[in-house]
Amino acid sequence: MTMTHIVVLGAGIGGMSAAYELRGTLGPDPRITVIGEGDLFSFTPSNPWVAVGWRKPEDVQIAVPGHLAKKKIAFEGAGAELVEPAHNRVRLRDGRHVAYDHLVIATGPRLAFDEIPGLGPDTGFTQSVCTTVHATAAWEAYQAFLENPGPIVVGAAPGASCFGPAYEFAMILDRDLRKRKLRDKVPMTYVTPEPYIGHMGLGGVGDSKGLMEAEFRQRHIGWIVNAKIAEVREGEMDVVEVDEDGQPKKTRTLPFKYSMVLPAFTGVDAVRRVEGLCNPRGFVLIDRHQRNPANPNIHSLGVCVAIPPVEATPVPTGAPKTGFMIESMVTAVAQNIRADLKEEPATAEATWNAICLADMGDTGAAFVALPQFPPRNVTWARVGKWVHLSKVAFEKYFLMKMKSGNTEPVYEKYVLKLLGILRTR
């Protein structure tokens, strides 16, 4: 009898967590293979620290093949060229194919810098903290900036769904420049499609609007909301402000010596080109059990899944997929694949709870929305040094978890239970 083969596409936070949890849930029998882009796992939430030199890339990365092998999980680092559901296989970039019985898509997003002329670190004029490679380039650009400081613009492009790192980076830059006694030489502006500061793509969490506006005022960070970045040139950014109906009301050109802008996301090429698998933006369509309706042996989780915006906004914004939400999807996928292998109906559903720890350099903001979509049972936002310390601790803890393969240590399980936070329902 042929052993079931489960393929996990993606070796980031979602993919690595899924591979480990599948092994823990299903035991030693099924074959599990992870397909990644190169051999390194990066702890993405630490990238803003890398971009200001507070971390080195090697501090937030681990080589994955050896750690996966300890759990009898195979690894392919060639990257995926195309998912081929009709043949139950994934074509790799080197031309080989990997067949699967179940596929878990956890690729993360494609970064759509190309949607705005001049955006992005590769062919444009803005930096990024979306990947550790980008954050490393941002640190190099920042060091040059420190030699000749001037205006900074930080923000997010129209259609962006991940706002936390932009808020973090603005305030981390403020903290770093104050430590260097350079803050007085650096006007700073936050540009965002959000209808107000603290919206976060979540329609606000608690009094996140008042809280974040107060933090920006205290740090002398100006802001422009309902904003579309139209074009970026060297040292200049054209920004269009719109009214409540989305109609342009003001255009301005912002000068900058340094800029970091988060792009909108789409699905990655290997997935978004597959007919029937994705929505028009390339995000994987899923049912409430994380399965693709057209291909029930394909599950998906993380940033690459299709979920609607929390609310319509004058400039498009997407709903974020936070780390804990991704982990709840991981658990649901593992439980539902186990049910399928036992020929039982899938019942597990991710809880879609949003928990976000945003570092501010010497303090931080915590946002909890249970569930993500209002009306909510729990919603609060708080600022304190404990958030900064929690984020530092979580970085060390998660990297340990990726090395050990222990996806839910006992202490994590009980801390979340005390907070009333469940992974699945």
Side-chain angles (χ1 to χ4, degrees), residues 13 43-56 59-60 129 135 138-139 142 152 154 162-184 186 188 190 192 194 196-202 204-223 260 262 320 322-325 327 353-370 378-401 409 411-412 414-421:
I13 287 174
F43 185 63
T44 306
S46 294
N47 286 340
W49 291 337
V50 173
V52 293
W54 295 3
R55 294 287 189 279
K56 296 177 180 175
D59 296 332
V60 302
V129 293
W139 165 232
Y142 183 56
I152 285 179
V154 174
C162 184
F163 297 98
Y167 283 104
E168 281 191 307
F169 195 61
M171 288 184 276
I172 287 170
L173 282 172
D174 168 75
R175 172 64 175 156
D176 192 72
L177 290 165
R178 281 188 282 122
K179 286 197 296 185
R180 297 175 186 273
K181 307 288 193 245
L182 292 173
R183 185 65 180 89
D184 60 318
V186 182
M188 194 180 300
Y190 183 83
T192 180
E194 299 161 271
Y196 53 84
I197 295 299
H199 181 275
M200 311 287 290
L202 291 167
V205 180
D207 185 28
S208 55
K209 180 179 187 290
L211 184 153
M212 296 307 292
E213 285 185 355
E215 292 295 329
F216 271 17
R217 286 192 188 98
Q218 184 176 326
R219 288 167 170 78
H220 305 286
I221 299 172
W223 63 81
M260 194 293 295
L262 300 176
T322 64
F324 179 77
M325 188 190 304
E327 291 202 16
N353 292 330
I355 305 170
C356 177
L357 303 178
D359 182 56
M360 297 177 180
D362 48 2
T363 179
F367 305 94
V368 175
L370 313 179
V378 178
T379 175
W380 55 261
R382 291 179 193 139
V383 167
K385 190 172 181 63
W386 66 272
V387 182
H388 169 73
L389 297 173
S390 296
K391 181 130 187 185
V392 172
F394 185 67
E395 171 195 62
K396 298 184 188 319
Y397 151 72
F398 201 90
L399 286 167
M400 174 273 293
K401 193 159 80 164
Y411 62 84
E412 180 190 8
Y414 285 105
V415 166
L416 291 173
K417 191 173 180 181
L418 282 170
L419 292 171
I421 298 169

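Inter-residue side-chain proximity for W49 and I172 is flagged as met; some heavy-atom pair is nearer than 4.5 Å. Side-chain contact between S46 and L399 is absent, with no heavy atoms from C-beta onward closer than 4.5 Å. Counting heavy atoms from C-beta outward, L173 and V186 have side chains that stay 4.5 Å or more apart. Residues D362 and H388 have side chains not in contact (no heavy-atom distance under 4.5 Å, counting atoms from C-beta outward). In this structure, the side chains of M260 and L262 come closer than 4.5 Å at one or more pairs of heavy atoms. In this structure the side chain of Q218 never reaches within 4.5 angstrom of the side chain of M171, judged on heavy atoms.
A tilted orientation is assigned to the rings of W223 and F216, their planes being inclined by 30° to 60°. Aromatic ring pairs are classed by plane angle as parallel below 30°, tilted from 30° to 60° and perpendicular above 60°; the pair Y196 and H199 is perpendicular.
A381 and L211 get closest at one heavy-atom pair: O-CD1, 3.6 Å. When all heavy atoms of E395 and V60 are compared, the closest pair comes out as OE2-CG1, 3.6 Å. Smallest separation of non-hydrogen atoms from A51 and V129: CB-CG1, 3.8 Å. For G204 against S208, the heavy-atom pair with the smallest separation is CA-OG, 3.4 Å. Summarising the geometry of M200 relative to G164, their closest heavy-atom pair is CE-CA, 4.2 Å, with the distance given to 0.1 Å. Contact detail for A358 and V387: the closest heavy-atom pair is O-CG1, 4.0 Å.
Listed by chain and number, the residues in a side-chain hydrogen bond (donor to acceptor under 3.5 Å, both in side chains) with R175 amount to none (sequence neighbours excluded). Considering only residues two or more places apart in sequence or on other chains, D359 meets the salt bridge (charged side-chain N to carboxylate O under 4.0 Å, His left out) condition with none of them.
The 12-atom threshold is not exceeded at NZ of K56, counting heavy atoms of other residues, nucleotides or ligands nearer than 6.0 Å.
Atom CZ in F367 sits 10.0 Å away from atom CG in L357 (nearest 0.5 Å). Rounding to the nearest 0.5 angstrom, the gap separating the NZ atom in K391 from the SG atom in C356 is 6.5 Å. Note that the CZ atom of F43 and the NZ atom of K401 stand 9.5 Å from one another [nearest 0.5 Å]. Note that CG of N47 is 10.0 Å distant from CD of E168, once rounded to the nearest 0.5 Å. Once rounded to the nearest 0.5 Å, the distance linking NZ of K209 with CD of E194 reads 12.0 Å. The distance from atom CG of L370 to atom CH2 of W380, rounded to the nearest 0.5 Å, is 9.0 Å.
Using modelled atom types, one side-chain atom of T379 and one backbone atom of G206 make a donor-acceptor pair closer than 3.5 Å. Proximity of a side-chain donor or acceptor of R219 to a complementary backbone N or O of A170 within less than 3.5 Å is not detected. When atom types are taken as modelled, the side chain of S390 and the backbone of W386 share a donor-acceptor pair closer than 3.5 angstrom. No donor-acceptor distance shorter than 3.5 angstrom exists from the side chain of Y167 to the backbone of I197, with no hydrogens or angles considered.
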task: Dump the intermediate steps for salt bridge (charged side-chain N to carboxylate O under 4.0 Å, His left out) on E213 and R217, then the final yes or no.
output: CA-CA 6 Å; E213 285 185 355; R217 286 192 188 98; 3.6 Å; yes
